[in-house]
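Structure first, commentary second.
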Amino acid sequence: MTAELVRGQNHTLPQTRLEIRVSAGTPVVAGATLGDERGTVHGIEWIAHPGSPQLPGLEVSKQAAADHRLAVDLDAVPAAVHRVTVLLALPMGADGPVRFGAVAAPFVAVTGLDGTEIATFTLTGLDAESAVAALELYRRQGAWKVRAVGQGYAGGLAAMLADQGVTAAAELARSIHEAVARGLARSVAPPPPRTPEGDRVRHSAPAGDPAPAATPQADPAPSPVTEPTTAPGPASATGPINYAHPRRQAAAPPPPPPTAPPAEPGRPAPPVAGDATGWSMEERLYNQVWGMFEDLARTTAAYRSAVDFAESRMDQELDRALSDPRNRIGGAGDRAREAARAKRDQLTARAREALDRDLAQLAAESAVVEPALPAAFAGWDNPVWHSYRVPMELPMALRIGDLHLPESTGLHIPLLVRLPLERGIWVDSGRTASEAAALTDTGQLRRLAMENAVAHAARLLAVHPAHEFSVHVIDPAGSAAAALAPLVNSGVLAGPPAAGAGGVATVLARLTRRVDLVQMAIRAGATDSLPPDLDTAEQLLIVNDFPHGFDDRAVTQLRYLADEGPSVGVHLMMVADREDASAYGPVLDPLWRSLLRITPVADDHLADPWVGHAWTYEPLRTPPGSRVLEQVLAQVATARRTGRRS
């Protein structure tokens, strides 16, 4: 199964002879550097680039191109090499784009020699950068892994090389660009489009689509919406989404069922739940939700673009009219202003009319899709939870909140993340996280954050088969006892919430041991030899009030679990204020960056992967007075006691 990586995520490589395929939609320079254990590049002989395309175990393209295939043999790289970093840069000296924010998001895939995809990564969120470190292949405990990096450099290739310790980086970057400029004159056509059997076909944006514009995020953590983490990644920032189910690789999924005929000629067909490609109704609904998400992103971008154009046109007309001194006084100037504003208002009204028409269609689709969603995709207020039964199979995704835009606050799109979880979650309890958080009392905000974490844990327990998901809690000071009551009282936790430094150490040691043993068993091909006392179910660790109760060793173990745990079924959910951990300095930055940040109150910190809108995230809440959470947990507890589906 292909791993769709997000920034900071890693994945074990099952083989050492690989291809790295790059699809950028515009000519880019591809290269790679070899680094030691610290990532330092010791000289130009450790760099493969168009002017020197071959190194032991590594070969890159000799020219800039929209598509590249880099050959890698990790067994052949020198023993001193512990990292292979794949670099992409926009060529200089041409009339083309000079920043990645102006082009489609590059797509990078690590494949076997037969073209089978092992891991993929779409480099979203770039703006002023003209060079980017895309992927990193690295050794870890005798095995090779791939990590999605996506670190961009506004200073270009020279800044990127200098950051890796290359001396005379500016001179080397200049020579690389000169070699590329010489090669452009004799460049050949790119490889043929990638086939549905394992390749993605790149598409250009349809005429009239808004130009992609990445929205800089205040938080460096990768956005789930630009992934959407765990959601099916786009083939390009401006092209349509590839909705291929990662568990189905052999053939294309069947087409969606035919929609009902239009009620009246000229009107769109009535929306139908499951009107998307997929192998099952669950997959069709999943793809339909992400299709609605993309439709809303693009129709809003078109509206905003039209409004900006109307304002710009008005300014230009006023400048032209008022550039003549004779029009600056008297009635001529006033008439020019009125005419320009009237044209602006007319264009804006047309754009709003088109937006309202599209929003009405999406609202109608949402109205039929929401009631049809399975429990894993549904909100707590959906009646499907009242007929809940513990499932026999794991669903493909889980809803963790809703998203909406300012132009359509009443239209909420479910935020779905893939299962099994591919990264941890950070529930931000800080008052500096957003304006809404700043207006909330500190104690109330922390209570809401912990209640939010408990609700997510309950949903994870509910959508997994019995005995296939375990939850551990670290609450060093016991401050979250009230919020944890539903989990504790139902008896679904793996053990009582750990308190004090001793409890923290015990839980972390147990989960670290599990990660180590499972990793060793997988590498040795001896998964049947795991100790009988080892819980092989998926594990979730909820950490409250970090870093209270954590010493340096515990912090190191926590970072290890965040980095290595997801690949072997150990996941992390932090409930913390990032400022509380500032005493540790930058040592915890990799931890925060590896987690999916959500908030207990509404916050617009997420961006989509198509046009980069800032989306408002709304956490899921149970209806006032409802006991649906307790009822669901009671069924989970019963199934765990009896060992069967309830």
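Note that the coordinates shown come from a computational prediction; the quantities given were computed from them, not determined experimentally. All values below come from the heavy atoms of this structure, side chains included, with hydrogens, waters and symmetry mates left out.
For His464, the ring pair (Phe, Tyr, Trp, His ring centres under 6.0 Å) test picks out Phe469, with sequence neighbours left out. For Thr85, there are no side chain to side chain donor-acceptor pair (under 3.5 Å) partners two or more places apart in sequence or in a different chain. Residues satisfying the side chain to side chain donor-acceptor pair (under 3.5 Å) test with Arg459, not counting sequence neighbours, are none. For His404, the side chain to side chain contact (heavy atoms under 4.5 Å, CB included) criterion is met by Thr409, His412, Thr616, Glu618, not counting sequence neighbours. Every residue two or more places apart in sequence or in another chain that forms a side chain to side chain donor-acceptor pair (under 3.5 Å) with His571 is listed here: Glu538. Remark: His472 engages Gln539 in a side chain to side chain donor-acceptor pair (under 3.5 Å) (not counting sequence neighbours).
In this structure, Arg139 contributes its side chain and Val81 its backbone to a donor-acceptor pair below 3.5 Å. Judged purely by atom type and a 3.5 angstrom limit, Glu129 uses its side chain to pair as donor or acceptor with the backbone of Asp127. Looking only at distances, no side-chain donor or acceptor of Arg284 sits under 3.5 Å from a matching main-chain atom of Gly274. Looking only at distances, a side-chain donor or acceptor of Glu283 sits under 3.5 Å from a matching main-chain atom of Trp279. Put simply, the side chain of Asn287 gets close to the backbone of Thr277: a donor and an acceptor are under 3.5 Å apart. For Glu59 (side chain) and Ala48 (main-chain N/O), no donor-acceptor pair under 3.5 Å exists by modelled atom type.
Scanning all heavy atoms of the two residues, the minimum distance from Trp290 to Leu416 falls at CZ2-O, 3.3 Å. Of all non-hydrogen atoms in Leu561 and Pro566, the two that sit nearest each other are O-CD, 3.5 Å. Across all their heavy atoms, Leu137 and Trp144 have their closest contact at O-CZ3, 3.6 Å. Contact record, Ala562 with Leu572: CB-CD2, 3.9 Å, taken as the closest heavy-atom pair. Taking both residues in full, the closest heavy atoms of Gly112 and Ile118 are given as N-CD1, 3.9 Å, listed atom of the first, atom of the second, then distance. Looking at every heavy atom in both residues, Asn452 comes nearest to Val427 through OD1-CG1, 4.0 Å.
Atom CD in Gln519 sits 7.5 Å away from atom CD1 in Ile522 (nearest 0.5 Å).
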For this session: Please lay out, stage by stage, how Asp75 and Arg17 fare under the test salt bridge (Lys or Arg N to Asp or Glu O under 4.0 Å).
Result: CA-CA 8 Å; Asp75 288 334; Arg17 297 190 66 192; over 6 Å; no
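For the residue pair Asp608/Trp615, the side-chain donor-acceptor check at 3.5 Å is satisfied. In the model, Arg147 has no side-chain atom that pairs as donor or acceptor with a side-chain atom of His11 under 3.5 Å. Checked by atom type, the side-chain pair Gln164/Thr33 shows a donor-acceptor distance below 3.5 Å. With 3.5 Å as the limit, one finds no donor-acceptor pair spanning the side chains of Arg597 and Tyr617.
We find that Arg578 and Asp589 are joined by a salt bridge, their nearest charged nitrogen and carboxylate oxygen being less than 4.0 Å apart. Using a 4.0 Å cut-off between a side-chain N of Lys or Arg and a carboxylate O of Asp or Glu, Asp67 and Arg21 do not qualify as a salt bridge. Taking a cutoff of 4.0 Å between a charged side-chain nitrogen and a carboxylate oxygen, Glu294 and Arg298 qualify as a salt bridge.
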